[in-house]
Amino acid sequence: MGEIRLHPSWLEPLRGEFAQPYMSTLRAFLVAERSAGKRIFPAPNDWFRALDLTPLDRVRVVILGQDPYHGEGQAHGLSFSVRLGVRVPPSLANIYRELESDLGIAPARHGFLEHWAQQGVLLLNAVLTVEMGRAAAHQGRGWERFTDAVIRLVNAQTRPTVFMLWGSHAQKKAAFVDSVDRGGRHLVIKSVHPSPLSAHGGFFGSKPFSRANAFLIEHGEPPIDWALPALEQG
């Protein structure tokens, strides 16, 4: 894993994870895959991009995805986000559609979500790498254990946080979050996944963005500015 780039607020509490045998096994797997000529997304210096952009003590919302986009030039370390100049993927287009319905924010002309990450929205995938053209190729290799540790760290924070869990995979992964409906401190918003295959089954109309902001305001936090800035397409 050579160059590990993530914010110090994560690096220290996760140091024990990096020392675990499963991480050594995962590292060896990734090295072998790349040595075999397989293309792995995102680039290694973006594997922990979500943790680098959003410090642990600034996390206010968690949006949990499954694994990175597997197309050329798409993934850059943030769930659901793509680089500038890359066509907005269908799931993100549906997220934008719900955002417009919920808060009246017109869809951005790009899919670059760093503006959210910089405000404390942790855009985390359960699995942090993928092989080009092979969705879910790196599931079950160890990343899930690592990202469980990330979610547990957020859950342990005293700051009330919103967890947006879209789809059964995300809901199972964060089943241990101390949600307000179980006497805990965090708001868990569940719905089906925004994928075109499922969005009409309950994602549309779920109003996650207004519900998240209402919860943050109620707990003395400023709301998230969900409107993405217009950016030059590189």
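Excluded from the calculations below are hydrogen atoms, water molecules and symmetry mates; all remaining heavy atoms, backbone and side chain alike, are included.
- When ring centroids are compared, F80 and Y69 stay outside the 6.0 Å threshold.
- Cluster annotation: L6 is not connected to F41 through the hydrophobic network of ILVMFWY side chains, with a link wherever side-chain heavy atoms come within less than 4.5 Å.
- In this view, E100 satisfies the salt bridge (Lys or Arg N to Asp or Glu O under 4.0 Å) rule with no residue, not counting sequence neighbours.
- S81 places no side-chain N or O within donor-acceptor distance of the main-chain N or O of G77, the cut-off being under 3.5 Å.
- Using a 4.5 Å heavy-atom cutoff, the side chains of I105 and F209 are not in contact.
- For the atom pair F18 CZ and M23 CE, the distance stands at 4.5 Å (nearest 0.5 Å).
- R83 forms no cation-pi arrangement with F112, by the criterion of a distance under 6.0 Å to the ring centre and an angle within 45° of the ring axis.
- Comment: E221 engages R159 in a salt bridge, judged by a side-chain N to carboxylate O separation of less than 4.0 angstrom.
- Taking the ring centroids of W143 and F48, they lie under the 6.0 Å cut-off.
- Using a 4.5 Å heavy-atom threshold, the side chains of L30 and H138 count as touching.
- Looking only at atom types and distance, the side chain of N125 has no donor-acceptor partner in the side chain of D67 under 3.5 Å away.
- By the 4.5 Å heavy-atom criterion applied to side chains, F146 and L14 are counted as neighbours.
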Name every donor-acceptor pair, under 3.5 Å, that has one atom in a side chain of residues 189-202 and the other anywhere in the protein, sequence neighbours excluded.
from, atom 1, to, atom 2, distance (Å)
H193, ND1, S195, N, 3.0
S195, OG, L197, N, 3.1
S198, OG, H193, O, 2.7

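- Judged purely by distance below 3.5 Å, without hydrogens or angles, the side chains of H115 and D225 pair a donor atom with an acceptor atom.
- A donor-acceptor pair is defined here as one N or O able to donate and one able to accept, closer than 3.5 Å; no such pair exists between the side chain of W166 and the backbone of I63.
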ask   = Between L228 and H110, does a side-chain contact (heavy atoms from CB on, under 4.5 Å) hold up when you go through it step by step?
value = CA-CA 9 Å; L228 295 164; H110 60 82; 4.1 Å; yes
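- With a 6.0 Å radius and a threshold of 12 heavy atoms from other residues, nucleotides or ligands, R34 has its CZ atom at or below the threshold.
- Listed for the S101 side chain is no donor-acceptor partner under 3.5 Å among the backbone atoms of R97.
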